[in-house]
Engineer: 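Could you have a look at this structure, given as structure tokens, before my questions?
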Amino acid sequence: MPELPEVEVVRRGLERWVAGRTVTEVEVLHPRAVRRHPAGGADFAARLKGQRFEVARRRGKYLWLPLADTGTSVLGHLGMSGQLLVQPEDAPDEKHLRIRMRFEDSAGTELRFVDQRTFGGLSLHDTAPDSTDGLPDVIGHIARDPLDPAFDDDAFQSALRLRRTTVKRALLDQSLISGVGNIYADEALWRSRLHYDRPTGTLTRPRSAELLGHVRDVMNAALAVGGTSFDSLYVNVNGESGYFDRSLDAYGREDEPCRRCGTPMRRRAWMNRSSYFCPRCQRPPRATA
């Protein structure tokens with residue numbers, strides 16, 4: 001599942017290649033790609049025709065393209081395998097092409113939504129009434145992410161300690177902090193020397209501040225190289241994969257030596273996912289041990 005750095009790379013690509021362009025035609029080629037738009041594909045296409053895209057925005061793993069002077073936006077969620085690609089108009093269709101958007105200018109490119117597993121999609125939504133940054137109403141519950149200038153560190157640290165949960169569950173709670181998924185949670189916890197099952201109530205304020213700092217560091221490092229990509233299912237708007245997977249310290253490194261102490265890394269099943277950790281550097285709490 002794409003996390004904040006992957007989605008931000010896509011947002012930056014959309015800002016460069018799509019912002020300011022006016023839609024002339026929309027083809028919805030698979031109904032599941034617009035299943036979050038209740039009025040259906042024909043309505044989605046009709047409402048977009050003639051609309052001009054403003055600069056793409058993002059919160060956590062969600063991104064949206066505001067439509068100029070309408071108070072509505074095209075909300076995109078990449079799901080497990082969704083891709084937003086800017087392609088030449090004469091480029092062959094991708095096997096899993098779901099939506100195509102053409103523009104009135106002479107740039108010669110179009111926007112394509114490609115999704116092999118069809119878990120992602122695009123939909124039209126009104127802006128939340130009290131939003132200061134054009135947030136679509138359906139994601140009003142999503143917390144700000146740690147790279148957002150308006151993210152409140154003190155409020156996050158206080159809320160973290162009050163949650164009766166474990167630290168990795170808290171990092172993946174999008175109503176507490178958005179944009180963090182399984183990969184970057186494991187990476188930040190490894191850098192912080194924290195076990196994924198550590199109760200949040202045991203974290204001191206300095207420790208929670210340190211953890212938040214590592215979350216930001218990991219995400220900024222991933223952004224610098226275009227995000228993480230393990231296969232062809234995640235690419236940016238120009239079809240280029242990320243390369244941060246070559247720099248991962250924890251995720252996917254089962255039985256490989258810890259880069260700090262040399263102890264073989266371990267993997268444990270966790271909430272239908274996997275958690276990777278060093279058993280020496282990230283000692284489990286006693287109940288878990």
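Note that the coordinates shown come from a computational prediction; the quantities given were computed from them, not determined experimentally.
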Engineer: With heavy-atom distances below 4.5 Å as the criterion, would you say the side chains of Arg191 and Asp217 are in contact?
Structural biologist: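 Yes, their side chains come closer than 4.5 Å.
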Engineer: For Lys61 versus Leu4, what's the shortest heavy-atom pair and its separation?
Structural biologist: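 Looking at all heavy atoms of both residues, the shortest contact is CG-N, 4.5 Å.
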Engineer: With no hydrogens and no angle check, just 3.5 Å: does a side-chain donor-acceptor pair link Ser81 and Asp115?
Structural biologist: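 Per modelled atom types, Ser81 and Asp115 side chains form a pair under 3.5 Å.
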Engineer: Give the intermediate values and the outcome of salt bridge (Lys or Arg N to Asp or Glu O under 4.0 Å) for residues Asp43 and Arg47.
Structural biologist: CA-CA 6 Å; Asp43 179 82; Arg47 289 179 61 187; 3.8 Å; yes
Engineer: Determine, using the 4.5 Å side-chain heavy-atom cutoff (strictly less than), whether Leu63 and Leu124 are members of one ILVMFWY cluster.
Structural biologist: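 Looking at the clustering, Leu124 is in the same group as Leu63.
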Engineer: Checking side-chain polar atoms at under 3.5 Å, does Ser123 have a donor or acceptor matched by the opposite partner on Arg36?
Structural biologist: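 Checked: Ser123/Arg36 side chains show no N/O donor-acceptor pair below 3.5 Å.
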Engineer: Using a 4.5 Å cut-off on heavy atoms from C-beta on, say whether the side chain of Ile99 contacts that of Val34.
Structural biologist: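 Yes; the side chains approach each other to less than 4.5 Å.
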Engineer: Side chain to side chain contact (heavy atoms under 4.5 Å, CB included), that's the test. Do Glu187 and Leu248 meet it? Break it down for me.
Structural biologist: CA-CA 7 Å; Glu187 292 300 300; Leu248 294 175; 3.7 Å; yes
Engineer: Roughly how far apart are Lys95 NZ and Gln116 CD, rounded to 0.5 Å?
Structural biologist: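 Spacing of NZ (Lys95) from CD (Gln116) equals 7.5 Å.
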Engineer: As an exercise, state the distance from CG of Asp186 to CZ of Arg273, rounded to the nearest 0.5 Å.
Structural biologist: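 Here the rounded value is 10.5 Å.
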Engineer: Phe44, Leu67: one ILVMFWY side-chain cluster at the under-4.5 Å cut-off?
Structural biologist: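 Result: yes, single cluster for both.
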Engineer: Under a 4.0 Å threshold between the charged nitrogen and the carboxylate oxygen, would Asp197 count as salt-bridged to Arg268?
Structural biologist: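 Salt bridge: no.
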Engineer: Rounded at 0.5 Å granularity, tell me how far OG1 in Thr127 sits from CG in Leu135.
Structural biologist: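 Thr127 OG1 to Leu135 CG: 8.5 Å, rounded to 0.5 Å.
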Engineer: Is atom CZ of Arg207 surrounded by more than 12 heavy atoms (other residues, nucleotides or ligands) closer than 6.0 Å?
Structural biologist: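 Yes, enclosed.
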Engineer: Are Arg163 and Leu176 close enough, and set up right, to give a side chain to side chain contact (heavy atoms under 4.5 Å, CB included), and what steps lead you there?
Structural biologist: CA-CA 10 Å; Arg163 296 287 171 107; Leu176 177 65; 3.8 Å; yes
Engineer: Check this for me, if you would: do Lys49 and Glu25 make a salt bridge, where the nitrogen-to-carboxylate-oxygen distance has to be below 4.0 angstrom?
Structural biologist: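 Salt bridge between Lys49 and Glu25, a charged N being under 4.0 Å from a carboxylate O: no.
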Engineer: Ignoring hydrogens, what is the shortest heavy-atom contact between Ala68 and Gln51? Give both atom names and the distance.
Structural biologist: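 So the two residues come closest at O-OE1, 4.2 Å.
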Engineer: Please check: side-chain N/O of Ser192 versus main-chain N/O of Ala188, any donor-acceptor pairing under 3.5 Å?
Structural biologist: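 Yes: the side chain of Ser192 pairs with the backbone of Ala188.
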Engineer: Any side-chain to backbone donor/acceptor pair from Ser208 onto Gln157? Under 3.5 Å, distance only.
Structural biologist: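 Not a single qualifying donor-acceptor pair exists.
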Engineer: Working to the nearest 0.5 Å, report the span between CE of Met271 and CG of Asn182.
Structural biologist: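 The distance works out to 9.5 Å.
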Engineer: In this structure, which one of Arg57, Arg58, Arg59 forms a salt bridge (charged side-chain N to carboxylate O under 4.0 Å, His left out) with Asp145?
Structural biologist: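 Running salt bridge (charged side-chain N to carboxylate O under 4.0 Å, His left out) over Arg57, Arg58, Arg59 with Asp145 returns exactly one hit, Arg58.
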Engineer: So which heavy atom on Ala170 is nearest to which on Thr165, and how close?
Structural biologist: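 Smallest interatomic distance, heavy atoms only, reads CB-CG2, 4.0 Å.
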Engineer: Show the numbers, then the answer: is there a salt bridge (Lys or Arg N to Asp or Glu O under 4.0 Å) between Glu15 and Arg12?
Structural biologist: CA-CA 5 Å; Glu15 179 177 0; Arg12 292 177 181 180; over 6 Å; no
Engineer: For the residue pair Met265 and Ala250, what are the closest heavy atoms and their distance?
Structural biologist: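 Scanning both residues, the minimum pair turns out to be CE-CA, 3.7 Å.
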Engineer: What's the separation between atom SG in Cys281 and atom CZ in Arg259, rounded to the nearest 0.5 Å?
Structural biologist: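 Between atom SG of Cys281 and atom CZ of Arg259 there are 12.5 Å.
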Engineer: Under 4.5 Å between any side-chain heavy atoms of Arg198 and Leu203, yes or no?
Structural biologist: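 Yes. Closest side-chain heavy atoms under 4.5 Å.
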Engineer: Is there a path from Leu75 to Phe53 through hydrophobic residues (I, L, V, M, F, W, Y) whose side chains come within less than 4.5 Å of each other?
Structural biologist: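 Hydrophobic grouping puts Leu75 apart from Phe53.
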Engineer: I want to check something: taking the side chain as every heavy atom from C-beta on, are Thr24 and Met101 in contact at a cut-off of under 4.5 Å?
Structural biologist: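 Result no, sub-4.5 Å side-chain heavy-atom pair not found.
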Engineer: Dump the intermediate steps for side chain to side chain contact (heavy atoms under 4.5 Å, CB included) on Leu122 and Val28, then the final yes or no.
Structural biologist: CA-CA 10 Å; Leu122 305 180; Val28 177; over 6 Å; no
Engineer: Tell me the closest heavy-atom pair linking Ser73 and Pro66, and the distance in Å.
Structural biologist: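 So the minimum-distance heavy-atom pair works out to OG-CA, 3.4 Å.
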Engineer: Tyr276 and Gln282: side-chain hydrogen bond (donor to acceptor under 3.5 Å, both in side chains), yes or no, with the steps?
Structural biologist: CA-CA 10 Å; Tyr276 295 87; Gln282 298 167 265; over 6 Å; no
Engineer: Would you say the side chain of Tyr251 lies within less than 4.5 Å of the side chain of Trp190, judging by non-hydrogen atoms?
Structural biologist: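 No; the side chains remain at least 4.5 Å from each other.
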Engineer: Any chain of hydrophobic side-chain contacts (each under 4.5 Å) joining Leu147 to Ile177?
Structural biologist: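 Yes.
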Engineer: Has the side chain of Arg21 got a donor or acceptor atom that lies under 3.5 Å from a matching backbone atom of Trp17?
Structural biologist: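 Checked: pair present.
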Engineer: Looking only at atom types and distance, does a side-chain atom of Arg266 sit under 3.5 Å from a main-chain N or O of Phe277, one as donor and one as acceptor?
Structural biologist: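 Between the backbone of Phe277 and the side chain of Arg266 there is no qualifying donor-acceptor contact (under 3.5 Å).
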Engineer: Take Arg205 and Asp154 through the salt bridge (Lys or Arg N to Asp or Glu O under 4.0 Å) test and state the conclusion after the steps.
Structural biologist: CA-CA 9 Å; Arg205 202 167 190 83; Asp154 290 337; 3.6 Å; yes
Engineer: Is there side-chain contact between Leu14 and Leu111, with heavy atoms separated by less than 4.5 Å?
Structural biologist: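 Yes; the side chains approach each other to less than 4.5 Å.
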Engineer: Tell me, with the steps shown, if Phe156 and Arg161 meet side chain to side chain contact (heavy atoms under 4.5 Å, CB included).
Structural biologist: CA-CA 9 Å; Phe156 167 75; Arg161 293 199 63 194; over 6 Å; no
Engineer: Below 30° counts as parallel, above 60° as perpendicular, anything between as tilted: where do the rings of Trp270 and Tyr196 land?
Structural biologist: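 It falls in the perpendicular class, over 60°.
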Engineer: Shortest non-hydrogen contact from Gly121 to Phe113?
Structural biologist: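 What the structure gives for the nearest pair is N-CZ, 3.5 Å.
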Engineer: Say whether, by atom type as modelled, one donor and one acceptor occur between the side chain of Arg35 and the main chain of Gly120 under 3.5 angstrom.
Structural biologist: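 The answer is yes, because a donor-acceptor pair under 3.5 Å joins these two groups.
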Engineer: Would Arg52 and Glu54 pass as an ion pair if we require N to O under 4.0 Å?
Structural biologist: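 Salt bridge absent between Arg52 and Glu54.
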Engineer: Val86, Leu48: one ILVMFWY side-chain cluster at the under-4.5 Å cut-off?
Structural biologist: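 Yes, Val86 and Leu48 fall within the same hydrophobic cluster.
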Engineer: Are Arg260 and Asp249 close enough for a salt bridge, meaning some N to O gap below 4.0 Å?
Structural biologist: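 Looking at Asp249 together with Arg260, the answer is no, because their closest N to O distance does not fall below 4.0 Å.
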Engineer: At what distance, to the nearest 0.5 angstrom, does CZ of Arg253 lie from CZ of Arg267?
Structural biologist: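 Between Arg253 CZ and Arg267 CZ, I get 15.0 Å after rounding to 0.5 Å.
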Engineer: So, Arg144 and Asp152, do they make that salt bridge, N to O below 4.0 Å?
Structural biologist: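 No.
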Engineer: Do Thr202 and Val167 have side chains that approach each other closer than 4.5 Å (heavy atoms only, starting at C-beta)?
Structural biologist: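 Not in contact.
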Engineer: Going by heavy atoms in the side chains, are Arg112 and Gln83 under 4.5 Å from each other?
Structural biologist: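 SC-SC contact between Arg112 and Gln83 ruled out.
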Engineer: Using a 6.0 Å distance limit plus a 45 degree cone around the ring axis, check whether Arg11 lies over the aromatic ring of Trp64.
Structural biologist: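 Judged by the rule (NZ or CZ under 6.0 Å from the ring centre, within 45° of its axis), Arg11 is not positioned above Trp64.
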